[in-house]
Structure formats: C-alpha cells, structure tokens
Amino acid sequence: MIVTDQNADGILDYLKTQSVFVVDIESTGLDVMTTDFLCGIGVGTASGEAWYFPFRHKIGDNIDLYFLTRLLRILEGKTLIGHNLKFDIKGLYKEGFNYKLCVLLDTIVMARLCSKIHAPRLDLENLLATWIGVDDAGYKAEFKKYLKKNKIKGDFSQGDAKIVGEYCCGDVVGTFKLYLKLEKTIRLTMQQEVWDQEKLMTKVLLNMETLGVPIDREYCKKCIGTLTNREKLLINKVHELVGYEFDIGSGPQLTTAMNSLGIHSPVRTPKDKESWDNNALKKIDHPVAEIISNYRTNGTLKNTFFGPLYDRDSDLIFTSFKNWGTVTGRLSCMDPNLQNIPKFMLDLDNNATSMNFNATNRAEAMESILSGKVKLNQVVGDETVAVRNLFVPSRPGSNLFSMDFSQMEVVVLLYFIKDEELLSLVKSEEFDFHVFVAIEALGGNPDDPEFEAIRAIAKSITFGVIYGMGIASLAIQLGKTENEAKMFRQRYYDRIPKAKPFINDLKAKIERGEYVYNGYNRRYVITPDKAYIGINYLVQGTSGDIIKENMIHIDKFLEDKKSKMLIQIHDELLFDIDEEEEESGIVYQIASIMKTNRLGIPLNVDVKKCKGSWANKEKYEFRRS
DNA sequence: CCTGACTCA
DNA sequence: CATTTGAGTCAGG
C-alpha cells in the first residue's frame with residue numbers, strides 16, 4: 001500500500017504499536033554512503049502487510065519529509081529484518097537514523113548459512129523462487145520490464161512512486177516470508193550459535209562502514225602522476241624492443257609480439273594458450289620480460305588501487321563488508337576491496353635504474369626522456385610509491401595500529417588435530433612453527449645458509465595441508481617433482497602424526513555424505529568428490545569466526561571510546577587509536593580480547609604501531625596502565 | 001584452497 | 001551497437 005499525506009498519520013500510529021519490522025529502501029543508486037540517497041522506504045509488519053513511503057520520486061506523489069523523521073523515530077530500537085540489510089540501514093543512517101539499539105536480522109546472511117551449494121545466487125528473486133515458490137517472485141520480472149521500458153538503470157527516483165512502491169511492498173512481504181522459512185531452517189540445521197554471532201556482526205560491520213577509512217588524497221594524486229609517466233616509459237620501451245607498437249594488455253597481441261622476438265612461453269594457460277603471467281615471465285631470459293612485468297605492476301597500482309581510490313572524490317573511503325560472501329564464513333570486502341591492498345612498495349630513486357632498467361636499457365630510457373616524450377622531473381621523485389601509504393590516521397591526535405594473529409590457521413589446525421605438544425609450544429611468542437617443521441620434520445639446520453629455503457618448503461607444505469592441496473599443485477608450489485613433494489609431505493606427516501588421521505577421518509565423513517560443522521557450528525555441505533576441501537573450510541572458516549567473535553567484543557569495548565576499528569583483513573584488524581587512550585592502555589586491552597575466544601584456542605597477537613601510515617609499521621611494546 | 005577488480009575478446 | 005560473459009592476470013589471506 002502506498003502511503004499518502006492523507007493516510008500517513010493513521011499508518012504511523014499503527015506502526016508505533018509494533019516491535020518487528022521488515023524494511024527495504026529504494027534509492028537513487030548503490031553508493032548510499034556517498035552520492036546516492038533514498039527516494040522511498042518500504043515497511044512491513046509481522047501481519048504480512050507492507051507500506052511504501054515515497055519521499056523523492058520524480059514521478060507520482062511524494063509525502064512530506066516530516067513523515068520520514070517520524071518513521072525513523074518509530075523504527076529506532078526495534079527489530080529490523082531486511083535483505084542485505086546493511087545497505088538499507090546505511091540509507092536510513094544518512095537521513096539521521098540511529099540503528100545502535102536495533103536488532104538487525106539480515107536474510108541474505110541467513111540464506112548463506114542455509115544454502116547447500118558453493119556459490120548460491122543470493123538475490124531476493126532467486127531466494128524467493130527456491131525457498132518460497134516460483135509464483136511469489138513473478139512481480140519482479142514485471143517490474144524489470146517497467147524499468148527497461150523507461151530506461152531506468154539504478155536510479156529508482158526516476159520511477160513512478162506508485163509502481164516502485166508496489167514493487168517495494170512485494171519485496172517487503174517476500175522478505176518476511178523468507179525470514180520465517182530461513183529462521184526455521186537455521187534451527188533445523190543446528191546453526192543457531194553461528195547465527196547468533198552473525199546477527200551481532202551486522203551491527204559491528206555497520207559501525208565500521210559508516211565511519212569510513214581516511215586516506216591521503218594528496219599523496220594519491222602524486223602517485224598517479226608518477227605511475228602515469230612511468231607507464232609511458234615502460235610502454236615505449238616494450239615497443240622499442242619488439243620493433244612495433246601494440247597493446248600490451250591484449251593477450252593475442254602480446255603472444256604475437258613475443259613470438260616475433262622468438263620467445264615462447266614455458267607455461268600454458270588452462271585453455272592451452274601460451275601464458276604470460278608473472279610466473280611465466282620470470283622464466284624468460286629476455287629483457288622484455290622484466291619490462292612487461294614492471295609495466296603490469298605499474299598498471300595494477302594505477303588502475304586497481306590509486307586511480308579508483310582517488311576517483312572516489314573524498315578523504316574518507318566507505319567500503320562494504322560482506323558477511324555472506326564466502327563459503328567458509330570469512331568476510332569479504334568490496335567497493336572498494338580493502339582486503340587486498342598491496343603490501344609491497346615501489347622504490348623510485350633519482351635515476352632511471354629505479355625503474356629496474358639494466359645498463360643498456362637505461363641509455364634508451366634516458367633517450368626517451370631527453371627526446372621530450374617524458375620529462376625527467378615528472379618521472380623521478382624521491383617519494384616511494386606504496387598503496388598502504390595512503391592509509392593514515394583520522395586526525396592529529398591518533399595513530400593507526402595493526403593487530404594480527406601470528407600463524408592463525410596453523411594454530412587452528414593444531415586445535416582440530418588436538419596436538420597437545422605443539423599447542424603448548426605455540427603459546428610462546430617466540431615459537432616459529434615453520435622453523436620447527438624445517439628442523440624437526442625436514443632435518444634442517446638453522447646455522448645452514450640454506451635454512452631459509454628449507455623453512456620456505458616447510459611453510460609451503462603447511463599451507464598445502466591447510467588448503468587441502470593435491471600433490472601436483474604442492475609440487476608446483478615447491479618447484480620440485482611430485483615424488484620429492486610426496487617425500488617432503490610424508491616427513492611432515494611423520495613428525496605431526498595426528499594431522500593425517502584427522503584429515504582422513506574428515507574426508508571419510510564427507511564421502512559418507514555427512515555435513516561438516518566448524519568450531520562455531522557453521523555448517524558446510526561438501527559433495528563427496530570435493531572431500532579434500534573439508535580441511536580448508538574447517539580451518540579457514542573457524543579462523544574467520546574467531547575473529548568475528550573478537551570483533552563483536554572489541555566493538556562493544558570501543559563503544560564509548562574515541563578509538564575506532566577500521567578494517568578486518570582475515571587475521572588482522574586495523575585500528576585508529578586515540579593517543580590519550582593509548583596512554584591508558586587501550587591497545588593492551590584490545591589485544592587481550594583478541595587472545596580470548598570461546599574455543600580456548602591459544603592465539604598470539606602481534607601489535608604494530610604505524611608511523612605516519614599503514615606502510616610504516618613498528619613493533620609495539622605495551623604500556624600497561 | 002578462499003576472495004574482488006581490472007582488462008580484453 | 002550496447003551489454004554481458006569468460007578468461008587471464010594479480011592483489012590479499
């Protein structure tokens with residue numbers, strides 16, 4: 001039902017008597033934290049009724065914004081159900097809504113918990129079709145036709161208030177049906193524990209997402225200039241070496257160019273074409289290989305990181321986390337993804353060698369500078385190009401702190417296989433598991449100059465085991481033959497005798513068709529042909545749920561503080577810490593929370609204070625109050 | 001093994 | 001002609 005200025009009072013009076021609501025906003029687009037804003041709100045109650053409050057439609061009747069304020073006051077502190085609810089709450093938040101006392105129940109998170117497939121389609125239309133029945137989603141197709149006919153992309157304010165409103169009410173009613181169905185399914189699949197945690201996570205993530213992550217746009221702009229100029233140099237260089245101009249980004253053209261130089265790749269893609277990825281390039285003994293590699297790195301930094309961050313036109317970056325994005329239960333992060341910010345930095349010192357040109361190439365590089373194609377002072381600079389340099393404290397009185405678990409997945413694996421000896425060793429801050437394996441399982445000697453290489457093998461095997469890696473991929477990873485890889489892994493299993501039986505039991509269980517539950521009772525449905533993957537889900541997913549448990553407690557702890565939690569990167573949390581609160585020991589207290597989890601897994605936390613930016617981390621010694 | 005973003009075909 | 005899709009590549013864990 002569409003709300004009008006005439007009936008609004010009566011409807012609001014009724015809504016005031018309710019405690020559970022379904023909400024669904026319609027907006028001008030998806031960037032509700034920045035440029036977009038809501039044009040109407042759909043609200044439903046447990047009775048199965050729904051009302052649409054149109055506020056900013058270009059066609060049809062809107063109601064007075066005064067009713068928006070009244071509606072928001074009614075919704076505050078109540079239980080709100082929604083599909084991808086964080087989006088809707090952010091839209092309301094921009095209108096002055098305070099969600100802090102609400103209970104937030106997101107059907108998209110519930111749907112992921114209930115899904116039995118690897119990559120379920122979690123849009124409302126699909127979920128209604130699978131969980132409720134095809135007929136219930138029919139109104140969606142009808143509405144899509146309307147959008148197409150009127151050339152409406154994502155801005156629903158261009159749609160008629162009545163038509164958009166009826167559609168929105170359909171979503172609201174559907175979402176409530178879906179909620180009831182999924183709520184029951186969660187109980188039947190015995191995932192109440194992990195669902196209880198996810199409910200709280202929705203609000204924690206909202207707190208992070210509405211805060212924004214501050215960046216240094218000045219530095220960003222500088223880096224884009226540097227990278228743009230360096231890109232021109234690198235393209236010229238490749239073209240000179242090949243002898244003609246072409247698009248380095250085009251696979252077919254690159255193959256033709258390389259072949260014309262008599263170069264063939266030792267590596268093939270899955271489609272049996274010549275592969276030119278970094279792994280292939282480093283095996284090619286020709287100057288062009290390194291230039292292409294540098295060109296790619298340059299392009300990645302410019303096109304994936306600096307450019308898009310700068311284009312957001314703001315000193316604050318608003319990301320969105322997905323607590324429904326992965327099979328395992330980890331978070332993922334998008335628009336922008338702040339979980340894959342490069343750790344490396346590009347060093348550009350004051351001459352052409354900085355661009356990794358060798359002696360002969362340097363002369364030619366200088367030539368293109370001298371010929372005026374590129375000005376030297378545009379290319380060089382004493383700044384270092386590091387994406388993490390962009391991430392800076394929110395204000396003069398605060399600093400970024402990075403806190404990460406040491407060898408988290410290893411410890412979680414040890415917990416599952418119940419290796420008491422190693423669990424007690426791993427409690428020590430100094431204990432390095434990979435060194436242990438290198439010595440005890442692989443017979444390495446720490447005084448041997450080769451020891452670092454042996455440690456690297458140990459590390460690869462451990463990850464291989466945790467990832468459920470087959471022997472073939474392990475061999476590739478180690479750069480050894482399959483027989484050698486098999487031998488290394490056998491020694492590993494010999495020294496950690498509980499690992500193999502645990503993994504085998506898990507596989508057998510999956511092959512019998514049984515479901516796997518992680519440490520927080522998150523269910524994994526794995527088909528027998530993918531039984532090897534169970535160990536990965538268990539370890540990665542339990543780790544993901546541990547840090548979620550920590551985040552909920554940290555969020556609560558920081559509620560009345562100036563310090564804020566900014567980003568999660570799987571086993572790391574990034575904070576903006578107020579200097580006075582730092583003095584009174586807040587960092588120690590956060591670390592203590594992180595060391596505690598309901599499974600009693602003994603995790604150590606590395607604390608680093610950032611000097612200036614995220615790129616500059618120093619080990620932090622606690623100052624206890 | 002788990003992700004997301006960009007580019008070209 | 002515009003839009004969608006898959007493949008390839010690369011950043012993180």
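Throughout, a chain's letter reflects where its sequence line sits, starting with A, and its residues are numbered from 1. Atoms considered below: every heavy atom in the structure, side chains included; atoms not considered: hydrogens, waters and symmetry mates.
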Practice item. Name all residues meeting the ring pair (Phe, Tyr, Trp, His ring centres under 6.0 Å) criterion together with A/Tyr517; count only those two or more places apart in sequence or in a different chain, and write none if there are none. Key: none
Check your understanding: CG of A/Asn518 versus P of B/dC2: gap in Å, rounded?
Key -> 15 Å
Review point. Quick one: is A/Lys302 getting a side-chain N or O under 4.0 Å of the B/dC6 phosphate, OP1 or OP2?
Key: no
Check your understanding: Looking across every strand, which nucleic acid part, if any, lies under 4.0 Å from A/Ser543 by heavy atom: base, sugar-phosphate, or nothing?
Key -> nothing
Check your understanding: Base, sugar-phosphate alone, or nothing: which one does A/Asn340 contact when heavy atoms must sit under 4.0 Å apart?
Key -> base
Review point. Under 4.0 angstrom, heavy atoms only, what part of the nucleic acid is A/Lys273 near: base, sugar-phosphate, or nothing?
Key: nothing
Check your understanding: Tell me: OH of A/Tyr524 to C1' of B/dC1, nearest whole Å?
Key -> 13 Å
Check your understanding: Which one, B/dC2, B/dC6, B/dA9, comes nearest to the side chain of A/Gln253?
Key -> B/dA9
Point to revise | Terminal contacting nucleotides, 5' and 3', DNA chain C versus chain A (heavy atom, 4.0 Å) | key: C/dT3 to C/dG13
Check your understanding: Does a side chain donor of either A/Asp606 or A/Ser406 reach within less than 3.5 Å of an acceptor in the other side chain?
Key -> no
Side-chain donor-acceptor contacts of residues 503-512 of chain A below 3.5 Å, not counting sequence neighbours, with atom names and distances?
unit_1: A/Arg512; atom_1: NE; unit_2: A/Glu514; atom_2: OE2; d: 2.9
unit_1: A/Arg512; atom_1: NH2; unit_2: A/Glu514; atom_2: OE2; d: 3.1

Exercise for review: Please work out if A/Lys153 contacts a base, only the sugar-phosphate, or nothing of the nucleic acid, heavy-atom cut-off 4.0 Å.
Suggested key: sugar-phosphate
Check your understanding: Relative to the ring of A/Phe401, is the ring of A/Tyr620 parallel (under 30°), tilted (30 to 60°) or perpendicular (over 60°)?
Key -> perpendicular
Exercise for review: Answer yes or no: does a side-chain N or O of A/Tyr467 lie under 4.0 Å from OP1 or OP2 of B/dC2?
Suggested key: no
Check your understanding: With a 4.0 Å cut-off on heavy atoms, is A/Ile535 in touch with a base, just the backbone sugar-phosphate, or nothing at all?
Key -> nothing
Check your understanding: Just checking A/Val387: base, sugar-phosphate only, or nothing, at a heavy-atom cut-off of under 4.0 Å?
Key -> nothing
Exercise for review: Classify the nucleic acid contact of A/Gln339 as base, sugar-phosphate or nothing, counting any heavy atom under 4.0 Å across all strands shown.
Suggested key: sugar-phosphate
Practice item. Answer with base, sugar-phosphate or nothing: what part of the nucleic acid does A/Met469 contact at a heavy-atom distance below 4.0 Å? Key: nothing
Check your understanding: A/Leu506 has an atom CG; how far is it from atom C1' of B/dC1, in whole Å?
Key -> 14 Å
Exercise for review: Indicate whether OP1 or OP2 belonging to B/dC2 is found under 4.0 Å from a side-chain N or O atom of A/Tyr537.
Suggested key: yes
Ignoring hydrogens and angles, write down the donor-acceptor pairs under 3.5 Å from the side chains of residues 543-551 of chain A, residues two or more places apart or on other chains.
unit_1: A/Ser543; atom_1: OG; unit_2: A/Val539; atom_2: O; d: 2.8
unit_1: A/Asp545; atom_1: OD1; unit_2: A/Arg522; atom_2: NH2; d: 2.8
unit_1: A/Asp545; atom_1: OD2; unit_2: A/Asn518; atom_2: ND2; d: 2.9
unit_1: A/Asp545; atom_1: OD2; unit_2: A/Arg522; atom_2: NE; d: 3.0
unit_1: A/Lys548; atom_1: NZ; unit_2: A/Glu198; atom_2: OE2; d: 2.6
unit_1: A/Lys548; atom_1: NZ; unit_2: A/Gly329; atom_2: O; d: 2.8
unit_1: A/Glu549; atom_1: OE1; unit_2: A/Tyr520; atom_2: OH; d: 2.5
unit_1: A/Glu549; atom_1: OE1; unit_2: A/Arg598; atom_2: N; d: 3.1
unit_1: A/Glu549; atom_1: OE2; unit_2: A/Arg598; atom_2: N; d: 3.1
unit_1: A/Asn550; atom_1: ND2; unit_2: A/Ile593; atom_2: O; d: 3.3
unit_1: A/Asn550; atom_1: ND2; unit_2: A/Thr596; atom_2: O; d: 3.0

**Study point:** Inter- and intrachain pairs under ring-ring contact (aromatic ring centres under 6.0 Å, His included), touching residues 527-552 of chain A, at least two apart
**Key:** A/Tyr524-A/Tyr537
Point to revise | Residue mapping more 5' on DNA chain B - nearest nucleotide basis, A/His118 or A/Asp247 | key: A/His118
Review point. Side chain of A/Thr328: nearest nucleotide among B/dA9, B/dG4, B/dC2?
Key: B/dC2
Exercise for review: Would you list the pairs meeting side-chain hydrogen bond (donor to acceptor under 3.5 Å, both in side chains) in which at least one residue belongs to residues 460-475 of chain A, sequence neighbours left out?
Suggested key: A/Thr462-A/Tyr492
Practice item. Take the protein atom CG of A/Asp571 and the nucleotide atom C1' of B/dC2, then report the distance between them rounded to whole Å. Key: 13 Å
Point to revise | Sugar-phosphate only, base, or nothing, as touched by A/Gly249 at under 4.0 Å among non-hydrogen atoms | key: sugar-phosphate
**Study point:** Ion pair check, A/Asp313 and A/Arg217, cut-off under 4.0 Å
**Key:** yes
